[in-house]
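Accompanying notes for the structure given below.
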There are 2 protein chains.
Amino acid sequence: MRLTIDSLIVLDSIDRHGSFASAAEALHRVPSAITYSVQKLEEDLDILIFDRSGHRAQLTEAGRELLKEGRRLLQAADELVARTKRVASGYEVELRIAVDSLIPIDRLFPLVDQFYRHSCGTRLKLLTEVYGGMWDALVTQRADLAIGAPGEGPPGGGYSTRPLGLVQWAFMVARDHPLASAPEPIPPEVIMPYRSIAAADSSRSLPPRTSGLLSGQDVLTVPDMQSKIACQRAGLGVGYLPLHLTRQDVIDGKLVIKQVVEVRNGTPLFLAWSTQHRGEAMAWLLNRLDEANWRENLLA
Amino acid sequence: MRLTIDSLIVLDSIDRHGSFASAAEALHRVPSAITYSVQKLEEDLDILIFDRSGHRAQLTEAGRELLKEGRRLLQAADELVARTKRVASGYEVELRIAVDSLIPIDRLFPLVDQFYRHSCGTRLKLLTEVYGGMWDALVTQRADLAIGAPGEGPPGGGYSTRPLGLVQWAFMVARDHPLASAPEPIPPEVIMPYRSIAAADSSRSLPPRTSGLLSGQDVLTVPDMQSKIACQRAGLGVGYLPLHLTRQDVIDGKLVIKQVVEVRNGTPLFLAWSTQHRGEAMAWLLNRLDEANWRENLLA
DNA sequence: TAATGTTATTCAGATAATCTGAACATATGA
DNA sequence: TCATATGTTCAGATTATCTGAATAACATTA
């Protein structure tokens, strides 16, 4: 097998320019060099690539297949060189970003779009984590960047952080839930008999974190924050919900904010990334996320 | 960009054999030829591929990326040559087979498996059609081969056929359907008030075919024969069903065969393929399907 | 510690691949 | 009929890649 990239370039040029002669001109060679390349390839592969029964050479069916798939190979070769240059020049091949489920992933789409538009070639992989799973993903290196990691990170360091914003919580119930008409502020013993809805912490190696649950209370655990909101809207249980994600439900009356004795403090969210990570793509993203409008939009 | 397939072969060999010297031996070259190739590639791409600070050269991170993705490129190049040779030698690149929904597609899996084992490289694409859609797929060239095309083909010819088998039908209802206790043979006017279940003819260009429906009768149309059987088993409607696919349901009593005044004749099924189609893969398949045991298994 | 083996490189020169330039055969268009 | 275009052949030039020998540096073994 003696296929060469150069011979595929020659075939491509013949097809693109319409003849051996014009392909030669385009490639800054003489026509007999084109003839030589094609004949050499036919000999090496033992395949007839051009039908020369007419005045102008025509690709055979095998030649058309070689051209069609050969163009893919040329493209793959260009991409290979580009990727290798990126690695050599400091750009990451792939960047994995964990996004807390408190942040609807579509809030990131404009940033992702702009990232791809600046064409550095790095691939992004988004993954959604819940609560402590954010830190878990970072320290176990399932993610390179965590957007929305809550509270303090685990001991042992190895990562850098930057504040992203503060999530405000309110205790909410469905409009037709029994607690909707309870006198305020509602004490814990009045809440206790009702099922709580919890979003499952997605930690794998770190111990899971919980928040806002009463000891001994019945709990329904759902996969993420969106599911928790949907469950509470459906009246399946009660609990604290983030204000920024439930504003419209509250306005619509689908969810009712109740004052409670045990108020839940706001949760600080952070950008977090591994200290040892070095790469141009990460630097680009951190620069962008440093801009106030990007940060504000994530928690609007 | 002067990446060459040969230089990727050299990199692959260095990694596989552990050193420049043993790569040289494996490639029947002298060690300095290996050094020359690597240095030429580094110069052409302007990338450091090997770290030579130690006694033994080590791939850089960019070099590892080039090696990893370069192996994919080598594999793609081999495949390209193989595909081109197949086209040149008469094998099809891809063969599209339409299978009537009267034939459970898994009945074809042993044949498909044996086809791939004989390693001609042709890719198969299976698509399921219903009734007249089989002929439609053939004459509109969405399929190269039709397995189980029913009845007579459309006028205009252009295809060859070979008998495959005969499908026997029986009128069936769910065990708890009102018609299950109707006196036999049931005349049409007794059937009329009950919904019929029809599998949608998947023709796109040819006019759709229907069979076994009474004029003015309510009809529920479902995508394919399996769905029709499932619907009738659920008591959603009535109609003729193929005996070879419902044998176990009848034994289990889930479906009840009722004698009717208007008996439905058996439907002959055919293998059909385009007359102008020429290819070794098609020939292989037609040879196999000519064997009685393959044909019998499709309609057992 | 010294001898030996291995790795990778350098460099002069040989070999092979690819090219150029000129001439030619054939087909097409004015 | 003549001019132009296409693709091929072939001798010779140029470039790419190789070999063989020598060398430097490191690792292993006695």
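Keep in mind that the numbers below use all heavy atoms, side chains included, and drop hydrogens, waters and symmetry copies. All chains are named by letter (A, B, ...) in the order of the sequence lines, taking the proteins before the strands, and each is independently numbered beginning at 1.
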So, is [X] close to the [N] phosphate, meaning a side-chain N or O under 4.0 Å from OP1 or OP2?
{"X": "B/Ser37", "N": "D/dC18", "result": "yes"}
{"X": "B/Gln39", "N": "C/dT10", "result": "yes"}
{"X": "A/Arg52", "N": "D/dT8", "result": "yes"}
{"X": "B/Tyr36", "N": "D/dC18", "result": "no"}

Whole-Å distance between [N] [atom2] and [X] [atom1]?
{"X": "A/Asp6", "N": "C/dT18", "atom1": "CG", "atom2": "P", "result": "8 Å"}
{"X": "A/Leu48", "N": "D/dG7", "atom1": "CG", "atom2": "P", "result": "15 Å"}
{"X": "A/Leu27", "N": "C/dT20", "atom1": "CG", "atom2": "P", "result": "10 Å"}
{"X": "B/Phe50", "N": "C/dT7", "atom1": "CZ", "atom2": "P", "result": "14 Å"}
{"X": "B/Glu42", "N": "C/dA8", "atom1": "CD", "atom2": "P", "result": "13 Å"}
{"X": "A/Leu59", "N": "D/dG7", "atom1": "CG", "atom2": "P", "result": "11 Å"}
{"X": "B/Ile9", "N": "D/dT17", "atom1": "CD1", "atom2": "C1'", "result": "15 Å"}
{"X": "B/Arg29", "N": "C/dA8", "atom1": "CZ", "atom2": "P", "result": "16 Å"}

Answer with yes or no whether A/Ser32 presents, from its side chain, a donor or acceptor under 3.5 Å of a partner atom in the base of D/dG7. no

So does B/Arg52 pair up with B/Glu42, basic N to acidic O under 4.0 Å? yes

Nearest of C/dG21, C/dA8, D/dT8 to any side-chain atom of A/Pro31? D/dT8

Go through C/dT9, C/dT18, C/dG21 for me and flag the one nearest to the A/Val30 side chain. C/dG21

Select base, sugar-phosphate, or nothing to describe what [X] touches, counting heavy atoms under 4.0 Å on all strands.
{"X": "A/Ala57", "result": "sugar-phosphate"}
{"X": "B/Thr35", "result": "base"}
{"X": "B/Ala21", "result": "sugar-phosphate"}

Give the C-alpha distance, both sets of side-chain angles, the deciding distance and a yes or no for salt bridge (charged side-chain N to carboxylate O under 4.0 Å, His left out) between B/Lys85 and A/Asp46. CA-CA 8 Å; B/Lys85 281 176 181 288; A/Asp46 195 22; 5.5 Å; no

For A/Thr4 and A/His55, find the nucleotide of DNA chain C closest to each by heavy atoms; which residue's nucleotide sits nearer the 5' end? A/Thr4

Aromatic ring proximity A/Trp273/A/Tyr159, centre distance under 6.0 Å: no

Is it true that a side-chain atom of A/Arg64 and a backbone atom of A/Ile49 form a donor plus acceptor pair closer than 3.5 Å? no

State whether the side chain of A/Ser22 and the backbone N or O of A/His17 hold a donor-acceptor pair below 3.5 Å, judged by distance alone. yes

